[in-house]
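Everything on this sheet refers to the single structure shown next.
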Amino acid sequence: MSTESSSAPNFIRNQIRDEIEAGRAGKIVTRFPPEPNGFLHIGHAKSICLNFGLAEQFGGDCHLRFDDTNPAKEEQAYIDAIKEDVHWLGFEWAGAVRFASDYFDRLYAWAQHLIREGKAYVDDLSADEIREYRGTLTEPGRPSPYRERAPEESLDLLERMRIGEFAEGEKVLRAKIDMASPNINLRDPILYRIRHAHHHQTGDAWKIYPSYDFTHGQSDALEGITHSICTLEFEDHRPLYEWFLDNLPVPARPRQIEFARLNLNYTLTSKRKLKLLVDEGIVDGWDDPRLPTISGMRRRGYTPASIRKFCEMIGVTRADGGLVDIAMLYHAIRADLEDNAPRAMCVLKPLKVVLTNVPEDHEEVYEVPGHPARDDLGVRQIPLTRELYIDQDDFMEEPPKKFFRLAPGKEVRLRNAYVIRCDEVIKGAGGEISELRCSVDFDTLGKNPEGRKVKGVIHWVSAAHGVPMEVRLYDNLFQVEQPDKDKDADFLDHLNPESLVVCQAIGEPSLARVTPESRFQFERVGYFCADRHAVAEGRLVFNRTVGLKDSWAKIQKKG
RNA sequence: UGGGGUAUAGCCAAGCGGUAAGGCAGCGGUUUUUGGUAUCGCCAUGCGCAGGUUCGAAUCCUGCUACCCCAGCCA
């Protein structure tokens, strides 16, 4: 599986390879440690591919561990969704799903250990006071008045915190490290805070919860994680990560390695902001096809392989501040679907065409391949009748020079069928084009017409047999490359009003019986995916995953 | 003006002292009953800038500059 991800080298892979070659590494164990406070997005996919990919390449294991130390923000629903997303992406975690909360007892005992060693203390300062005592980036902090509290007292207080004797915010447990450290993370970081919250895994057993810093490294050590890979913003936490490993009787010595998180233009990868879009109803849930969530991309029509391919393309480095062009993502999915998606014809904006030299009751059926290069994708039946629909974009009353499609007096090839000529344009009362009257050259089926070249080919659907369907044209959710670039502005101001355009389309008959999530190339238009929700309910709805490359649009833009 | 990081083409990214991979985007040709695909070609005398070491530097040294992260009882 995911053999395509086995070729691209990166600094982490090189490092592990070197360790193995030097005999300094045994079995590799990595982990993907999401917090269940939202849905996974494309940035997580990068981490998933890295962690699971590494384990796979070196014959090791990758654990799935929920970093569930903040019950106020976490939910079982997110846990379920995350598990499904990881599986859907094509990865299998080793052993059972793990939770940081599995280690709460151990962590508590270790907190007591630190207190006894004089390396931790219960602090009565308020949150505001702690901030004040912490100092600033340029000024050292000052010790809390409670810093030298006797271990016995701290032990007692911590136990009473645990069983709920104190209100939230009344006390915290802090490590005693260095209030003057230039690294703020070492200025007596908080180990436990009081939270009278129900926890999705541990219920009401705890009234205190450990902080990320006090949890992560120890959890890694308990699981025998060898390489703890995280993003660059945790770099400053590494000394703290190591401080705990140094000062606690942990069973193993994991190493933290940081890499740069993914930034994709025209998209947001902030869980907080994605949640806001969902909560405000600006998008249709966490799996809205415009969202860069794994489930949104799935619903949009991305394949797991295309996402893995994309993650391989962008690489893994420590260079931050970069911005990956979303064109790379589009390339990855087009490449997959070009090879694997069956073809179909679908008219997005129907324009009626009457073939005047075809009798009313005439009907002929063509058998055409499901894919130009994949016999295994079968064939489909395409009926032609006197009345049919073509796309409005494929006709122009006053065409520019390089317009190869239909125009008054001009000829065009109906894909898989005849060459037709437009003889007459019928207009409605408002002057809008309501119908085209065309004639068929019956000597052009499967061959070129005599004595002239017809360059254009357009798709079409029989009016008598076409199936009405809803087609949702998705585009970037934002109109600017970095919607959250300006910290003082509202990213919602950059929403693309045309991120979703709904069409009442007409598709070829074979499209009438599709299964949820089946993907097609609508020829000359783009790649589409049968909406997993709507189709399951019996409605014919297709989501545009990505358009085909459009060199005509480029020519037009150039003038 | 504290600490920690990062700079290679429009974008992503290899490279680790021997003379700048690859991909995306773009441009041009060929093929084509998808203006798609495929295919061929073009696209960094130069690696943030300035010095230095060396026969030789993107790779080593020195000094600058720019950008990113950190002052949650979030992760």
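So that the names make sense, note that chain A is the first sequence line, chain B the second, and so on, each numbered from 1.
- Using a 4.0 Å cutoff on non-hydrogen atoms, the parts of residues 186-193 of chain A near RNA chain B are A:I190, A:R193, ordered by number.
- Across all strands shown, A:R415 has heavy atoms under 4.0 Å from base atoms, whether or not it also approaches the sugar-phosphate.
- Taking atom C1' in both B:rG5 and B:rG48, one finds a spacing of 16 Å when rounded to whole Å.
- Taking for each of A:M328 and A:K554 the nucleotide of RNA chain B with the nearest heavy atom, the 5'-most of the two is the partner of A:M328.
- Contact annotation: the side chain of A:V97 approaches that of A:F66 to within less than 4.5 Å [non-hydrogen atoms, C-beta and beyond].
- Rounded to a whole angstrom, the distance from the P atom of B:rC49 to that of B:rU32 is 48 Å.
- Among the atoms of the strands shown, base atoms are found under 4.0 Å from some heavy atom of A:R413.
- Heavy atoms of A:A417 sit under 4.0 angstrom from at least one base atom.
- Looking at heavy-atom distances under 4.0 Å, A:N416 makes contact with a base.
- Screening residues 330-340 of chain A for salt bridge (charged side-chain N to carboxylate O under 4.0 Å, His left out) gives A:E338-A:R343 as the qualifying pairs, with residues at least two apart or on separate chains.
- Note on ring orientation: taking the six-membered ring where Trp is involved, the planes of A:H44 and A:H41 are tilted (angle from 30° to 60°).
- Using a 4.0 Å heavy-atom distance criterion, A:K402 is classed as a base contact.
- Using a 4.0 Å heavy-atom cutoff across all strands shown, A:A127 reaches at least one base atom of the nucleic acid.
- Contact record, A:W110 with A:Q218: CZ3-CB, 3.5 Å, taken as the closest heavy-atom pair.
- Using a cut-off of 4.0 Å between Lys/Arg side-chain N and Asp/Glu carboxylate O, A:R31 and A:E223 are scored as not salt-bridged.
- Nearest approach of A:A100 to A:T215, heavy atoms of both residues: CB-CG2, 3.6 Å.
- The partner of B:rG41, taking Watson-Crick or G-U wobble pairs whose two distances both stay under 3.5 Å, is B:rC27.
- Comparing the same atom, C1', in B:rU19 and in B:rU62 gives a spacing of 24 Å after rounding to whole Å.
- Looking at heavy-atom distances under 4.0 Å, A:I130 makes contact with a base.
- In summary, the side chains of A:Q76 and A:H200 do not present any donor paired with an acceptor at a separation below 3.5 Å, with no hydrogens or angles considered.
- With a heavy-atom cut-off of 4.0 Å to chain A, the contacted part of RNA chain B has its first and last nucleotide at B:rG2 to B:rA75.
- For A:F11 against A:V316, the heavy-atom pair with the smallest separation is CD2-O, 3.7 Å.
- For the residue pair A:Y241 / A:D220, a side-chain donor-acceptor distance below 3.5 Å is found, with atom types taken as modelled.
- Across all strands shown, B:rC47 remains unpaired; no Watson-Crick or G-U wobble contact has both distances below 3.5 Å.
- Base engagement by A:T136 is indicated by at least one non-hydrogen atom pair under 4.0 Å involving a base atom.
- Pairing for B:rC60 goes to B:rG52, judged as Watson-Crick or G-U wobble with the two contacts each under 3.5 Å.
- Only the C1' atoms considered, B:rC27 is 13 Å distant from B:rG10, to the nearest whole Å.
- Nucleotide B:rA7: paired with B:rU65 (Watson-Crick or G-U wobble, both distances less than 3.5 Å).
- Within the 4.0 angstrom heavy-atom criterion, no nucleotide atom of any strand lies near A:P239.
- Heavy atoms of A:L137 sit under 4.0 angstrom from at least one base atom.
- A:D325 comes within 4.0 angstrom of sugar-phosphate atoms only, judged by non-hydrogen atoms across all strands, and of no base.
- Take the nearest nucleotide of RNA chain B for A:K485 and for A:T138: the residue whose nucleotide is more 5' is A:T138.
- With respect to A:R452 and A:E411, a salt bridge is recorded, a charged nitrogen being found less than 4.0 Å from a carboxylate O.
- Residue contacts for A:S126: at a heavy-atom cut-off of 4.0 Å it reaches a base atom on one of the strands shown.
- Separation of the P atoms belonging to B:rG28 and B:rC70 is 44 Å when rounded to the nearest angstrom.
- Here the options are A:R272, A:K271, A:K275, the test is side chain to side chain donor-acceptor pair (under 3.5 Å), and the partner is A:N37; only A:K271 passes.
- Residue contacts for A:D67: at a heavy-atom cut-off of 4.0 Å it reaches the sugar-phosphate backbone alone, with no base atom in range.
- When the C1' atom is used for both B:rC47 and B:rG15, the distance is 10 Å, rounded to whole Å.
- Counting non-hydrogen atoms under 4.0 angstrom, A:V316 reaches the backbone sugars and phosphates but no base.
- Straight-line distance between the C1' atoms of B:rA9 and B:rC42: roughly 14 Å, to the nearest whole Å.
- A:P400 approaches A:W552 most closely through the heavy-atom pair CG-CH2, 4.0 Å.
- To the nearest whole angstrom, the two P atoms, one in B:rA57 and one in B:rC40, are 36 Å apart.
- Taking syn as a glycosidic angle within 90° of 0, B:rG52 does not qualify and is anti.
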